[in-house]
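All of these numbers come straight from a predicted model, not from anything done at the bench. Sequential numbering from 1 along the given sequence is applied to the chain's residues.
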Amino acid sequence: MQKAWRTFVGKLEADAAARLWFVHDRSGTVAEAMKGKSCDGAKAAGVAALNKVKAEADAWQPPAPPATTLTQ
């Protein structure tokens, strides 16, 4: 049972890591879009970039982990 539990936890950790990398890879997108803009332009560019990231997040799916059951 302990081996099955470790396998299950490992797959949960892998899923969490994949989601974290998605966020990490896009962390500078909004700031980069706003860089060098006027105050009004920066707000509009930031909102547009944030909406793009939100759309990507809605469409993105982490790799599916292999099925695991906790049976003995």
Side-chain angles (χ1 to χ4, degrees):
M1 184 66 160
Q2 189 174 18
K3 182 179 177 184
W5 177 252
R6 286 186 189 147
T7 300
F8 176 74
V9 169
K11 290 176 183 176
L12 288 177
E13 290 171 344
D15 179 67
R19 292 174 191 278
L20 180 61
W21 277 111
F22 177 86
V23 172
H24 180 269
D25 287 349
R26 288 152 183 85
S27 63
T29 301
V30 176
E32 193 63 33
M34 296 171 65
K35 196 181 291 183
K37 305 277 192 300
S38 67
C39 290
D40 291 336
K43 180 178 179 181
V47 168
L50 185 56
N51 287 336
K52 182 180 178 196
V53 171
K54 286 179 182 179
E56 291 173 358
D58 289 343
W60 183 81
Q61 293 293 319
T68 302
T69 58
L70 292 176
T71 57
Q72 292 183 356

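Within the structure, every pair that satisfies the salt bridge (charged side-chain N to carboxylate O under 4.0 Å, His left out) test and touches residues 22-34, not counting sequence neighbours, is listed here: R26-E56, E32-K35.
The aromatic rings of W5 and F8 sit tilted relative to each other, their planes meeting at an angle between 30° and 60°.
Grouping Ile, Leu, Val, Met, Phe, Trp and Tyr by side-chain contacts under 4.5 Å, direct or through others, leaves L20 on its own.
Other residues, nucleotides and ligands contribute over 12 non-hydrogen atoms within 6.0 Å of the NZ atom of K37.
With K11 as the fixed residue, the side-chain contact (heavy atoms from CB on, under 4.5 Å) test singles out one of V9, T7, D15: T7.
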Atom pairs and distances, side-chain donor-acceptor, residues 39-51, under 3.5 Å, sequence neighbours left out:
{"residue": "N51", "atom": "ND2", "partner": "V47", "partner atom": "O", "Å": "3.3"}

